[in-house]
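Each chain gets a letter, A, B and so on, in the order the sequences are listed, and its residues count up from 1.
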Protein chains: 2
Amino acid sequence: MPERSQASLLGLHISPSSGIPIYRQLMDQIIRLVASEILPVGSELPSVRNLAKQLTVNPMTISKAYSALEMQGVLTRVRGKGMIISENTSPQLDLTQRVEQLDNTIAKLALEARQLNVSKAQLLEYLDKKIPKN
Amino acid sequence: MPERSQASLLGLHISPSSGIPIYRQLMDQIIRLVASEILPVGSELPSVRNLAKQLTVNPMTISKAYSALEMQGVLTRVRGKGMIISENTSPQLDLTQRVEQLDNTIAKLALEARQLNVSKAQLLEYLDKKIPKN
DNA sequence: ATTACTGTATTATTTGAATAATACACTAAT
DNA sequence: ATTAGTGTATTATTCAAATAATACAGTAAT
């Protein structure tokens, strides 16, 4: 039978002093594992109790991370068994709607550039160099 | 004498139910106003009491937003008068050094775009539309 | 000095998010 | 039916951030 993931293998870890909530730290790490396909579709995650024990936190904290990821469509719950990685979901928003969610960060970037006397052209050129292709 | 900005003109508004702190909502809006140069350098912001009254919040909440923006270098406090939009800082750093200070925000933007399935080309196109000329 | 404006330091209070304790429901194998 | 494994609903607790109340300090005009 296929092995359920060990937390140690997945490298899941928390930094209690970081100020970032534990459940959110875990969500971020799992999202990266899924995005990089280290966790492929269909693979199982560590059980809440197992992971909670290794990280010395409450199982409900793990459950909260898993549940949030389930709502985001990243994971699927299998009754009595555990959580597995979902099929890839296609984005439900159209391009315009998605791109608008970047407005705050873009405004911040534009402001910082202005304060540094970096022109629009210089900024766009740098962005072109800096952003990875896809 | 030059008119102090009216909140209604700046369109500053809050959504108490949004979950985002009031002071942060205001910071975001002001940053966008400055980045888009609707609020040009030297222009005055609404007084904390005036704005607090219009939004029916405590003046200290407005002050918190203003103070945070002052620490970011967006605003300057003028004793006994009010807050005005700061000059663009003109550092003696060369372009390469200045542009590197944008790396954190750029990384954030790139990550958000990727998570939203916005391609590099789509992002650059949107940025070109969104960032004011200079 | 007074009035009428600015912003804010300090303190208190409120609120909500994060975490934990407990008990429960499901599955699968024996 | 029992055991041992899943996740979670509910409730309580903890804790820090957000907001507010109050009193204070500056400016400018009169």
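If you take CD of A:E70 and C1' of D:dT6, they are 13 Å apart, rounded to a whole angstrom. Remark: C1' of C:dT8 and CD1 of B:I62 are 14 Å apart, rounded to the nearest angstrom. Between the P atom of D:dG5 and the CD atom of A:E44 lies a distance of 15 Å, rounded to the nearest Å. Between the C1' atom of D:dT19 and the CD atom of B:Q25 lies a distance of 13 Å, rounded to the nearest Å. Atom-to-atom, NZ of B:K53 to C1' of C:dA4 comes out at 14 Å; the value is rounded to the nearest Å. Following rounding to the nearest Å, A:I84 (CD1) and D:dT6 (C1') show an atom-to-atom distance of 13 Å. Separating the CG atom of B:L26 from the C1' atom of D:dT19 is a distance of 13 Å, rounded to the nearest angstrom. The separation between B:Y23 atom OH and D:dA16 atom C1' is 12 Å, rounded to whole Å.
In terms of position on DNA chain D, the residue among B:P21 and A:S63 whose nearest nucleotide sits closer to the 5' end is A:S63.
Checked against side chain to side chain donor-acceptor pair (under 3.5 Å), A:N58 has no partners two or more places apart in sequence or in another chain.
Counting only N and O atoms by type, the side chains of B:S119 and B:Q122 include a donor and acceptor under 3.5 Å apart.
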Step by step, would you call A:I85 with A:L45 a side chain to side chain contact (heavy atoms under 4.5 Å, CB included)?
CA-CA 8 Å; A:I85 304 298; A:L45 276 88; 3.5 Å; yes
Give the table of side-chain donor-acceptor pairs shorter than 3.5 Å for residues 29-41 of chain B, with sequence neighbours excluded, one pair per line with atom names and distance.
unit_1: B:Q29; atom_1: OE1; unit_2: B:H13; atom_2: N; d: 3.1
unit_1: B:Q29; atom_1: OE1; unit_2: B:H13; atom_2: ND1; d: 3.4
unit_1: B:Q29; atom_1: NE2; unit_2: B:H13; atom_2: O; d: 2.6
unit_1: B:Q29; atom_1: NE2; unit_2: B:Q25; atom_2: O; d: 3.4
unit_1: B:R32; atom_1: NH1; unit_2: A:N104; atom_2: OD1; d: 3.0
unit_1: B:R32; atom_1: NH2; unit_2: A:D103; atom_2: OD2; d: 3.4
unit_1: B:S36; atom_1: OG; unit_2: B:R32; atom_2: O; d: 2.8
unit_1: B:S36; atom_1: OG; unit_2: B:L33; atom_2: O; d: 3.2

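Within the 4.0 Å cut-off from OP1 or OP2 of D:dG7, not a single side-chain nitrogen or oxygen of A:S67 is found. For D:dA18, one of the phosphate oxygens OP1 or OP2 lies less than 4.0 angstrom from a side-chain nitrogen or oxygen of B:K64.
The local environment of CD in A:E125 is sparse, with at most 12 non-hydrogen atoms from other residues, nucleotides or ligands closer than 6.0 Å.
Remark: the backbone N or O of B:K64 is not paired with any side-chain donor or acceptor of B:S67 at under 3.5 angstrom.
Salt-bridge annotation for B:K120 and A:D128: present, with a side-chain N of the basic residue lying under 4.0 Å from a carboxylate O of the acidic one.
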Detail all sub-3.5 Å separations between protein N/O atoms and N/O atoms belonging to nucleotides 20-30 of chain D.
unit_1: D:dA20; atom_1: OP2; unit_2: B:N58; atom_2: N; d: 2.8
unit_1: D:dA20; atom_1: OP2; unit_2: B:T61; atom_2: OG1; d: 3.0
unit_1: D:dA21; atom_1: OP2; unit_2: B:N58; atom_2: ND2; d: 3.4
unit_1: D:dG26; atom_1: N2; unit_2: B:G80; atom_2: O; d: 3.4

